[in-house]
Undergrad: 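Let me give you the structure first, and then I'll get to my questions.
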Amino acid sequence: MFDTSYIDHYREYLTNERRASANTVSSYIRDIKQFAEHQWNGENGDFKHVTPDDVKNYLSKLQDSGRSAATVSRCVASLRSFFSHMIDAGLEGPNPALGTPAIHNPRKAPSILSSKEIERLLDQPDVNTHKGCRDKAMFEVLYATGIRVSELISLNLDDVNLSIGFIICRTGKERTIPIYDSAVRAINHYLSFSRPMMTKNGEISLFVNVGGGRMSRQGFWKVMKSYLEKASISEDITPKVLRHSFAAHLLENGADLQSLQQMLGHSDITSTRAYVRVISQQLKDVYQKTHPRA
């Protein structure tokens with residue numbers, strides 16, 4: 001069996017030094033464990049003896065098995081980062097994952113809801129019920145701030161300041177994000193009307209499930225899917241749609257890239273520029289459809 005101490009050390013580094021999100025840590029650790037299981041197949045093994053050919057053979061196996069370019073590309077990043085950290089921590093180099101070829105991963109344009117679709121979605125929850133009141137508040141926060149679903153469910157009560165109108169997102173890259181008035185009202189209503197009836201004593205999470213504990217990603221996605229159907233929004237979208245829509249709508253209304261980058265928590269502005277391409281393509285489509293000489 002392979003030595004897991006290297007992986008444990010790397011997990012600690014990702015969590016405490018890089019302050020990576022829980023999802024990133026989980027994905028990277030899973031990639032490394034799957035590589036190790038393939039490499040040694042239950043027998044004794046040591047990461048010190050991994051060669052560039054071992055890494056290339058594993059990646060070829062992933063591609064041959066039909067894994068997407070995005071999955072293989074992330075695995076490359078996981079292994080490069082893991083071995084780079086291990087070398088910094090004393091493992092003798094070179095990094096066996098550095099010589100791997102780049103995986104071409106054409107970016108899929110993010111799904112964006114129109115302003116009217118957003119309004120339809122936000123109007124679906126019945127705020128006269130405890131669950132609907134909570135759901136309305138969750139959707140308003142996502143669209144008001146552009147935070148990820150993982151960041152939404154990680155919010156605690158003391159991460160929200162309604163008197164000033166902002167939230168503090170402490171997952172991953174910590175940042176303070178303003179929230180608009182209707183989102184403040186939705187949270188206030190939830191805190192006064194619903195949460196006291198839904199929560200367990202001592203629970204610190206802002207958004208709770210019907211059992212009174214912290215809302216999960218899977219639980220949120222079930223909630224959102226039901227409202228998307230009620231709103232007759234049938235596009236192939238993911239829970240990220242409110243984050244994407246937040247970014248695109250801010251850019252449409254004049255937000256600058258640097259401010260948007262800070263609110264989204266992007267470490268690289270290249271990720272933020274993806275929304276500029278979406279807006280540009282939408283404008284081009286409108287032009288082609290409406291200009292008399294296009």
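Atom set for the values below is all heavy atoms of this structure, side chains included, hydrogens, waters and symmetry mates excluded.
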Undergrad: So which atom in V72 and which in Q63 form the shortest heavy-atom distance, rounded to 0.1 Å?
TA: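 Closest pair (atom of V72, atom of Q63, distance): CG2-CG, 3.9 Å.
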
Undergrad: Are the side chains of S163 and N161 in contact, using a 4.5 Å heavy-atom criterion?
TA: yes

Undergrad: If every non-hydrogen atom of S245 is compared with every non-hydrogen atom of L113, which pair is closest and at what distance?
TA: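 Shortest heavy-atom contact: OG-N, 3.0 Å.
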
Undergrad: If only side-chain N and O atoms count, and only distance matters, is there a donor-acceptor pair under 3.5 Å linking T51 with D54?
TA: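 The answer is yes; a qualifying pair exists.
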
Undergrad: Measure the CD1-CG distance between I168 and D159 for me, rounded to the nearest 0.5 Å.
TA: 6.5 Å

Undergrad: Show the numbers, then the answer: is there a side chain to side chain donor-acceptor pair (under 3.5 Å) between R214 and N156?
TA: CA-CA 9 Å; R214 188 179 295 273; N156 293 325; 2.6 Å; yes

Undergrad: Please list, one pair per line, the donor and acceptor atoms closer than 3.5 Å that link side chains of residues 189-199 to other protein atoms, with sequence neighbours excluded.
TA:
| from | atom 1 | to | atom 2 | distance (Å) |
| --- | --- | --- | --- | --- |
| Y190 | OH | L206 | O | 2.7 |
| Y190 | OH | V208 | N | 3.4 |
| S192 | OG | N188 | O | 2.9 |
| S192 | OG | H189 | O | 3.3 |
| S194 | OG | H130 | O | 3.1 |
| R195 | NE | S205 | O | 3.2 |
| R195 | NE | L206 | O | 3.3 |
| R195 | NH2 | E203 | O | 2.8 |
| R195 | NH2 | S205 | O | 2.7 |

Undergrad: Is it the case that the side chains of T24 and S27 hold a donor-acceptor pair, with the cut-off being a distance below 3.5 Å and no angle test?
TA: no

Undergrad: Report the C-alpha separation of Y28 and R11 in whole Å, then their side-chain angles, then the decisive distance to 0.1 Å, and conclude whether the side-chain contact (heavy atoms from CB on, under 4.5 Å) test is met.
TA: CA-CA 9 Å; Y28 273 37; R11 188 200 310 272; over 6 Å; no

Undergrad: What residue among S84, S81, S78 forms side-chain hydrogen bond (donor to acceptor under 3.5 Å, both in side chains) with Y10?
TA: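 Among S84, S81, S78, the one meeting side-chain hydrogen bond (donor to acceptor under 3.5 Å, both in side chains) with Y10 is S81.
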
Undergrad: Under the salt bridge (charged side-chain N to carboxylate O under 4.0 Å, His left out) test, which residues partner R243, sequence neighbours left out?
TA: none

Undergrad: What closest approach, in Å, do I147 and I177 show between heavy atoms, and which atom pair accounts for it?
TA: CG2-CD1, 3.5 Å

Undergrad: Are V210 and I204 connected, step by step, through hydrophobic side chains (Ile, Leu, Val, Met, Phe, Trp, Tyr) whose heavy atoms are closer than 4.5 Å?
TA: no

Undergrad: If you compare all heavy atoms of S150 against all heavy atoms of I153, which two are closest, and at what distance to 0.1 Å?
TA: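 Nearest pair, atom of S150 first, then I153: O-CG1, 3.4 Å.
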
Undergrad: Quick check for you: to the nearest 0.5 Å, what is the distance between I29 atom CD1 and D8 atom CG?
TA: 8.0 Å

Undergrad: If hydrophobic clusters are built by linking Ile, Leu, Val, Met, Phe, Trp and Tyr wherever their side-chain heavy atoms come under 4.5 Å apart, do L257 and F246 end up in the same one?
TA: yes

Undergrad: Out of curiosity, L242 CG to Y143 OH, how far, rounded to the nearest 0.5 Å?
TA: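 OH of Y143 is found 9.0 Å from CG of L242.
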
Undergrad: Is a salt bridge present between R30 and E37, judged by a nitrogen-to-oxygen distance below 4.0 Å?
TA: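 Salt bridge absent between R30 and E37.
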
Undergrad: What do you reckon, is NZ of K131 surrounded by more than 12 foreign heavy atoms closer than 6.0 Å?
TA: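 Yes, the 6.0 Å shell around NZ holds more than 12 heavy atoms from other groups.
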
Undergrad: Search all heavy atoms of L122 against all heavy atoms of Y180 and return the closest pair with its distance.
TA: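 Scanning both residues, the minimum pair turns out to be CD1-OH, 4.5 Å.
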
Undergrad: Treating E151 as the side-chain partner and R148 as the backbone partner, does any N or O pair qualify as donor plus acceptor under 3.5 Å?
TA: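 Yes; at least one donor-acceptor contact below 3.5 Å.
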
Undergrad: Following the transitive rule for hydrophobic clusters with a side-chain heavy-atom cut-off under 4.5 Å over Ile, Leu, Val, Met, Phe, Trp and Tyr, establish whether F166 and L264 coincide in one cluster.
TA: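 Hydrophobic grouping puts F166 apart from L264.
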
Undergrad: Answer yes or no: are there more than 12 heavy-atom neighbours, outside Q34 itself, under 6.0 Å from its atom CD?
TA: yes

Undergrad: If you apply the rule side-chain contact (heavy atoms from CB on, under 4.5 Å), what do you find for K240 with V149, and how did you get there?
TA: CA-CA 7 Å; K240 292 181 179 179; V149 172; over 6 Å; no

Undergrad: For F82 together with F47, are the ring centres under 6.0 Å from each other?
TA: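 Yes; F82 has its ring centre under 6.0 Å from that of F47.
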
Undergrad: State which residues pass ring-ring contact (aromatic ring centres under 6.0 Å, His included) with Y58; sequence neighbours excluded, sorted by chain then number.
TA: F35, H38

Undergrad: Please check this pair: side chain of E117 against backbone of S114, looking for a donor-acceptor N/O pair closer than 3.5 Å.
TA: yes

Undergrad: Find out if a path of hydrophobic residues (ILVMFWY) with successive side-chain heavy-atom gaps under 4.5 Å connects L59 to L98.
TA: no

Undergrad: Is there a side-chain contact between V50 and W40 in this structure, where contact means two heavy atoms from C-beta onward sitting under 4.5 Å apart?
TA: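 When only atoms from C-beta onward are counted, W40 and V50 do touch, with a gap below 4.5 Å.
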
Undergrad: Apply ring-ring contact (aromatic ring centres under 6.0 Å, His included) to F83 and list each qualifying residue two or more places apart in sequence or on a separate chain.
TA: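 Checked F83 against ring-ring contact (aromatic ring centres under 6.0 Å, His included); zero matches.
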
Undergrad: Are I187 and V127 connected in the hydrophobic side-chain network, where two residues link if heavy atoms are under 4.5 Å apart?
TA: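 No; tracing contacts between hydrophobic side chains, which count when under 4.5 Å, never links both residues.
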
Undergrad: Which distance, rounded to the nearest 0.5 Å, do you find between the NZ of K230 and the CG of L228?
TA: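 With rounding to 0.5 Å, NZ (K230) is 11.0 Å from CG (L228).
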
Undergrad: Once you round to the nearest 0.5 Å, how far does CG of L251 lie from NE2 of H249?
TA: 10.5 Å

Undergrad: So which pairs with a foot in residues 136-145 pass salt bridge (charged side-chain N to carboxylate O under 4.0 Å, His left out), sequence neighbours left out?
TA: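 Output for this query lists K136-E140.
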
Undergrad: Working to the nearest 0.5 Å, report the span between CG of D88 and NE2 of H85.
TA: 7.5 Å

Undergrad: Measuring only between side-chain heavy atoms, which start at C-beta, is E12 closer than 4.5 Å to E17?
TA: no

Undergrad: Between Y227 and F139, is the ring centre distance below 6.0 Å?
TA: yes

Undergrad: Taking C-beta and beyond as the side chain, do M263 and L250 meet within less than 4.5 Å on heavy atoms?
TA: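 Side chain of M263 against side chain of L250, heavy atoms only: contact under 4.5 Å found.
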
Undergrad: Write down the atom of N95, the atom of I87, and the distance for their closest heavy-atom approach.
TA: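 Heavy atoms only, the tightest pair is N-CD1, 3.5 Å.
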
Undergrad: Report the residues that fulfil salt bridge (charged side-chain N to carboxylate O under 4.0 Å, His left out) with K61, sequence neighbours left out, ordered by chain and then residue number.
TA: none

Undergrad: Is it the case that the side chains of S259 and D256 hold a donor-acceptor pair, with the cut-off being a distance below 3.5 Å and no angle test?
TA: yes

Undergrad: Side chains of V141 and V160: closer than 4.5 Å at any heavy-atom pair?
TA: no

